[in-house]
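Remember, it's a predicted structure, so these values are computed and weren't measured experimentally. Below, each value reflects all heavy atoms present in this structure, side chains not excepted, and no hydrogens, waters or symmetry copies. Here, residue 1 is the first one in the sequence, and each next residue gets the next number.
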Amino acid sequence: MSATCVILDIGGVLEITPDTGWVRRWDGRLGLPPGTVNERMRDVWQAGSVGSISEQDVQRQVAARLGLDGPRVEAFMSDLWDEYLGTPNDELIDYVRGLRGTCALGILSNSFVGARERETERYHFDELVEQIVYSHEIGIEKPDPLAFEAACATLDVLPEHCLFIDDVAVNVEAARSAGMHAHLFQDNARTITRIAAHLDTARAR
């Protein structure tokens, strides 16, 4: 087993993903009260996040529940993925790239069906880290302890040797409860400092 490991979240950490307001715009375009699109699609969003529905079935449900034709389904899904994928956090990505070969590197992400293909094409995260664990592929979302167990097992590392980085406090606390070190992402400077300290501690063991 590797002596030390860093596991990162994607959205809000490796990707900068501000709220684009796309769902509210679709409520308006369809003449629906605010929040209606999300209410109608709630169980579909949840199913997509744990892989119990295919990407094609998501699109069929969008068409059926919102009354959209083919071109508007395509526009709807394009807006969804624009917010989901955001823009790259280049500074942190470059730093993590420089860690290759010094420790085990992984990703643990609450995701959605279709995320691996799009993130691989746009950001090449598969070349940045050794293993990517997506919730839609394992059927488990953070903060479920089994998600953290899956990440450690996939990387063949012990939880106590891992630093987990996420922008959601409940996930950070869940990682700690699972025996990992954890850091709440707020900015690149503090995150890079925390990773460096984790690696320094590991070298001193």
Side-chain angles (χ1 to χ4, degrees), residues 7-94 96-97 106-129 131-144 147 151 165-168 170-171 185-188:
I7 300 175
L8 303 103
D9 179 39
I10 295 181
V13 178
L14 293 173
E15 293 170 358
I16 301 166
T17 54
D19 180 358
T20 63
W22 74 276
V23 177
R24 293 188 294 277
R25 288 196 299 275
W26 276 97
D27 281 327
R29 286 175 194 169
L30 298 173
L32 300 171
T36 302
V37 167
N38 271 336
E39 184 59 35
R40 290 185 183 177
M41 299 301 300
R42 191 176 310 280
D43 61 322
V44 176
W45 298 154
Q46 178 58 31
S49 71
V50 293
S52 60
I53 190 172
S54 71
E55 192 173 353
Q56 293 72 26
D57 283 335
V58 169
Q59 294 175 14
R60 282 192 279 269
Q61 290 297 323
V62 168
R65 296 182 185 208
L66 301 180
L68 301 182
D69 59 16
R72 290 205 296 172
V73 169
E74 191 172 316
F76 182 92
M77 295 304 296
S78 177
D79 285 348
L80 180 156
W81 286 113
D82 280 346
E83 179 174 291
Y84 184 101
L85 296 169
T87 57
N89 184 352
D90 288 322
E91 181 183 15
L92 185 59
I93 290 171
D94 287 345
V96 172
R97 186 176 293 112
I107 283 172
L108 174 61
S109 175
N110 283 356
S111 54
F112 196 74
V113 285
R116 180 181 289 271
E117 295 80 3
R118 287 170 174 83
E119 287 173 334
T120 296
E121 180 181 7
R122 186 176 295 194
Y123 298 128
H124 305 287
F125 288 144
D126 60 320
E127 299 172 7
L128 181 69
V129 301
Q131 297 288 343
I132 304 176
V133 177
Y134 283 108
S135 68
H136 76 274
E137 294 177 348
I138 64 170
I140 303 164
E141 287 188 292
K142 299 172 292 185
D144 191 316
I165 297 159
D166 201 297
D167 62 320
V168 177
V170 68
N171 294 338
F185 178 88
Q186 294 173 297
D187 57 55
N188 288 334

Taking the six-membered ring of W45, is NZ or CZ of R42 closer than 6.0 Å to its centre and within 45° of its axis? no

Between H124 and E121, which heavy-atom pair has the shortest distance, and what is it? NE2-O, 3.6 Å

Reported CD-to-CD1 distance for the pair E91 and I93, which is rounded to 0.5 angstrom: 11.0 Å

Scan side-chain atoms only and decide if N89 and N188 contain a donor-acceptor pair under the 3.5 Å cut-off. yes

Least distance between heavy atoms, I132 atom then Y134 atom: CG2-CE1, 3.2 Å

Under 3.5 Å donor-acceptor, T120 side chain and R116 backbone: yes

Backbone of L128 reached by a side-chain donor or acceptor of R97 within 3.5 Å: no

Let's go through M41 and L80 carefully: what are the C-alpha distance in whole Å and the side-chain angles of both, what is the deciding distance for side chain to side chain contact (heavy atoms under 4.5 Å, CB included) to 0.1 Å, and is it a yes or a no? CA-CA 12 Å; M41 299 301 300; L80 180 156; over 6 Å; no

Output the distance between atom CZ (F125) and atom CG (L14), rounded to the nearest 0.5 Å. 5.0 Å

CG-CD distance between D167 and Q186, expressed to the nearest 0.5 angstrom: 10.0 Å

When every non-hydrogen atom of T36 is compared with those of D27, the smallest separation belongs to N-OD1, 3.5 Å

Please check if the side chain of D79 supplies one atom and the backbone of W22 the other of a donor-acceptor pair under 3.5 Å. no

Run the side chain to side chain contact (heavy atoms under 4.5 Å, CB included) check on V62 and R72 step by step: do they pass? CA-CA 10 Å; V62 168; R72 290 205 296 172; over 6 Å; no

Determine the interplanar angle of the Y84 and W81 rings, folded into 0 to 90°, and report it as parallel if under 30°, tilted if 30 to 60°, perpendicular if over 60°. perpendicular

Does a side-chain N-to-carboxylate-O contact under 4.0 Å join E15 and R122? no

For E117, does the CD atom sit with more than 12 other heavy atoms under 6.0 Å from it, leaving out its own atoms? yes

For a side chain to side chain contact (heavy atoms under 4.5 Å, CB included) check, start with the C-alpha distance between V50 and I140, then their side-chain angles and the critical distance, and finish with the verdict. CA-CA 6 Å; V50 293; I140 303 164; over 6 Å; no

Starting at CG of L66, measure out to CH2 of W26 and round the result to the nearest 0.5 Å. 8.5 Å

Classify the side-chain pair S49/S135 by whether it contains a donor and acceptor separated by less than 3.5 Å. no

To the nearest 0.5 Å, how far apart are OH in Y123 and CG in D90? 9.0 Å

Nearest 0.5 angstrom please: I7 CD1 to S109 OG, how far? 12.5 Å

Under 3.5 Å, is there a donor-acceptor pair between the side chain of R24 and the main chain of G35? no

Would you check if I107 and V133 make a side-chain contact, meaning some heavy-atom pair closer than 4.5 Å? no

May I ask you to decide if G114's main-chain N or O and R118's side chain share a donor-acceptor pair within less than 3.5 Å? yes

Any chance the side chains of Q46 and E141 put a donor and an acceptor closer than 3.5 Å? yes

Is there a donor-acceptor contact under 3.5 Å from the side chain of T17 to the main chain of G11? no

Using modelled atom types only, decide if a donor and an acceptor are shared between the side chain of D166 and the backbone of D9 within a distance under 3.5 Å. no

Main-chain N/O of L108 paired to K142 side chain as donor or acceptor, under 3.5 Å: yes

With the side chain counted from C-beta on, respond yes when V168 and F185 share a heavy-atom pair under 4.5 Å apart, and no when they do not. no

Is D43 close to Q61 at the side-chain level, that is, under 4.5 Å between some pair of heavy atoms? no

